[in-house]
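What follows is a single structure, written as C-alpha cells, with notes after it.
Lettering of chains follows the sequences in order, A, B, ..., and the numbering in each one begins at 1.
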Amino acid sequence: MKTITMEPLPREFYSRDTLVVAKDLLGKYLIRHLNDENIVAKIVEVEAYRGSDDPASHAYKGQTPRNQLMFGKAGFSYVYFTYGKHYCLNVTTEKEGIPGAVLIRAIEIMDGLELARRNRKANSLVNLSNGPGKLTEALNITKIHNGLDLTERNELFIRHSEIDRSHEITVSRRIGIKAGSEKLWRFYIKDSTFVSKL
DNA sequence: GAGAAGATCTCCT
DNA sequence: GGAGATCTTCTCA
C-alpha cells in the first residue's frame with residue numbers, strides 16, 4: 001500500500017519563498033528514524049530566516065562555513081549549536097544561491113513517545129518538545145545531522161500528515177533575537193498547547 | 001590567537 | 001523574572 005502522503009515532501013516544496021514555506025510547514029509531520037523505531041511529530045511552531053534583508057539571520061552578512069547550507073539547495077537540514085548547550089534544527093529554503101531557512105521551534109509528538117522520553121527527561125509531555133533546543137534533544141538530533149537531504153527517506157525527513165486538517169495560524173515577532181525583532185516572521189498553530197511561548 | 005556574542009534552557013529567588 | 005551555564009563561530013589583529 002503506497003499512499004502519497006507517506007512520501008517525503010519534494011524539493012519544490014522547499015524551493016519557494018521562505019515565509020511561504022514556513023507557514024506551509026505547520027501541521028506537517030517530522031519523521032525521525034532511530035534504532036529501527038520512528039518518532040512522528042507534528043510541526044506546530046516555526047520561524048523564518050532569510051538573507052541580506054534579515055539582520056537576525058546567520059546569512060545576513062554573507063556566506064560563511066557555518067551558514068553555507070542556507071545558500072545551497074532547498075530541502076536540506078541545517079543544524080547549528082548555540083549557547084554552549086543546544087542544537088537547533090532548520091530546513092533550507094529558496095532557490096540555490098538565495099539564502100533562507102526555517103527554524104523548527106516546537107513539535108507535538110504523535111508517535112514514538114517512549115523513545116523520545118528516553119532521549120530527553122521531561123517532567124511533562126509538553127515540556128518534552130516545546131522549544132527549539134528541547135525538540136532536538138528529544139529527537140536526538142546533533143551536528144551529525146547537519147546537511148541531510150530531507151526529500152529522501154533519510155533518518156530524518158518531513159511528510160504530509162494523513163489528515164491535513166485546516167488550522168488557524170498565529171503570526172508574531174520572532175523569539176530570542178535583538179536585530180530584526182520587529183519582523184512578524186514567527187508562525188504557530190493557534191490552539192496548540194505545544195507552542196514555546198504565547 | 002584572543003575576545004565577544006549567541007535563533008536557549010534550567011534552576012533559583 | 002533573572003542569572004548562569006558552556007562552547008562554537010565569527011571578527012579583528
Next item on the list: Look at the side-chain heavy atoms of Ile, Leu, Val, Met, Phe, Trp and Tyr, link any pair under 4.5 Å apart, and say whether A:Tyr188 and A:Ile43 land in one connected group.
Entry: no

Margin query: Quick check on contacts: within residues 126-142 of chain A, what sits under 4.0 Å from DNA chain B by heavy-atom distance?
Written below: A:Gly131, A:Pro132, A:Gly133, A:Lys134

Note to self: Can you pull out every salt bridge (Lys or Arg N to Asp or Glu O under 4.0 Å) where at least one residue sits in residues 75-85 of chain A? Sequence neighbours excluded, please.
What the structure shows: none

Notebook entry, point to check: Residues from residues 173-193 of chain A sitting under 4.0 Å of DNA chain B, heavy atoms only?
Noted result: A:Ile175, A:Gly176, A:Ile177, A:Lys178

Checklist line | Test side-chain contact (heavy atoms from CB on, under 4.5 Å) applied to A:Tyr14 and A:Thr92, A:Asp24, A:Leu150, the passing residue | finding: A:Leu150

Item checked: Inter-residue atom distance A:Leu9.CG - A:Leu25.CG, 0.5 Å rounding -> 7.0 Å

Next item on the list: Determine whether the aromatic ring centres of A:Tyr78 and A:Phe76 lie less than 6.0 Å apart.
Entry: no

Check: Should A:Tyr29 and A:Ile169 be regarded as members of a common hydrophobic cluster, given that ILVMFWY residues are connected when their side-chain heavy atoms come within less than 4.5 Å of each other, either directly or indirectly?
Finding: no

Check: Under a single-linkage definition using a 4.5 Å side-chain heavy-atom cutoff for Ile, Leu, Val, Met, Phe, Trp and Tyr, are A:Leu26 and A:Val21 assigned to the same hydrophobic cluster?
Finding: yes

Item checked: Value rounded to 0.5 Å, distance of OG in A:Ser172 from CZ in A:Phe187 -> 9.0 Å

Check: Can you list, by residue number, the residues of residues 82-94 of chain A that have a non-hydrogen atom closer than 4.0 angstrom to DNA chain C?
Finding: A:Tyr83, A:Gly84, A:Lys85

Next item on the list: Among residues two or more places apart or on two chains, list those pairs meeting side chain to side chain donor-acceptor pair (under 3.5 Å) that have a residue in residues 144-155 of chain A.
Entry: A:Arg11-A:Asp149, A:Arg11-A:Thr151, A:Arg32-A:His145, A:Arg32-A:Glu155, A:His145-A:Glu155, A:Asp149-A:Thr151

Checklist line | Approximate separation, where rounding is to 0.5 Å, of A:Leu19 CG and A:Glu47 CD | finding: 12.0 Å

Next item on the list: Name all stems that contain residues of DNA chain C, defined as runs of 3 or more consecutive Watson-Crick or G-U wobble pairs, both distances under 3.5 Å.
Entry: B:1-6 with C:7-12, B:8-12 with C:1-5

Checklist line | Separation of A:Tyr49 OH from A:Asn67 CG (nearest 0.5 Å) | finding: 14.0 Å

Check: Nearest 0.5 Å, what's the NZ-NZ distance between A:Lys28 and A:Lys42?
Finding: 11.5 Å

Next item on the list: Examine A:Ile31 and A:Leu139 and state if one hydrophobic cluster contains both, with Ile, Leu, Val, Met, Phe, Trp and Tyr joined whenever side-chain heavy atoms are less than 4.5 Å apart.
Entry: no

Notebook entry, point to check: Would you find more than 12 non-hydrogen atoms of other residues, nucleotides or ligands less than 6.0 Å from A:Glu114 atom CD?
Noted result: no

Next item on the list: Can you sort out the partners of A:Tyr87 under ring-ring contact (aromatic ring centres under 6.0 Å, His included), two or more places apart, ordered by chain and number?
Entry: A:Phe81

Margin query: Considering only residues two or more places apart or on different chains, which pairs with a residue in residues 52-62 of chain A satisfy salt bridge (Lys or Arg N to Asp or Glu O under 4.0 Å)?
Written below: A:Arg50-A:Asp53, A:Asp54-A:Arg174

Next item on the list: State yes or no: do A:Ile158 and A:Val44 share one hydrophobic cluster built from I, L, V, M, F, W and Y residues joined by side-chain heavy-atom distances below 4.5 Å, directly or via other members?
Entry: yes

Checklist line | DNA chain B: 5'-most and 3'-most nucleotides touching chain A, 4.0 angstrom heavy-atom criterion | finding: B:dG6 to B:dT10

Next item on the list: Starting at the 5' end of nucleotides 8-13 of chain C, put B wherever the base has a protein heavy atom under 4.0 Å, S where only the sugar-phosphate does, and a dash everywhere else.
Entry: SSS---

Note to self: Does anything in residues 100-109 of chain A come within less than 4.0 Å of DNA chain B? Heavy atoms only, and list the residues if so.
What the structure shows: A:Leu103, A:Arg105

Could you pull out all donor-acceptor pairs under 3.5 Å where a side-chain atom in residues 98-109 of chain A meets a protein atom, sequence neighbours excluded?
| from | atom 1 | to | atom 2 | distance (Å) |
| --- | --- | --- | --- | --- |
| A:Arg105 | NE | A:Glu45 | OE2 | 2.8 |
| A:Arg105 | NH2 | A:Ser196 | OG | 3.2 |

Check: To the nearest 0.5 Å, what is the distance between CD (A:Glu168) and CG (A:Asp191)?
Finding: 6.5 Å

Next item on the list: Specify the closest pair of heavy atoms between A:Val46 and A:Ala22, including all atoms of both residues, with the distance to one decimal.
Entry: CG2-O, 3.3 Å

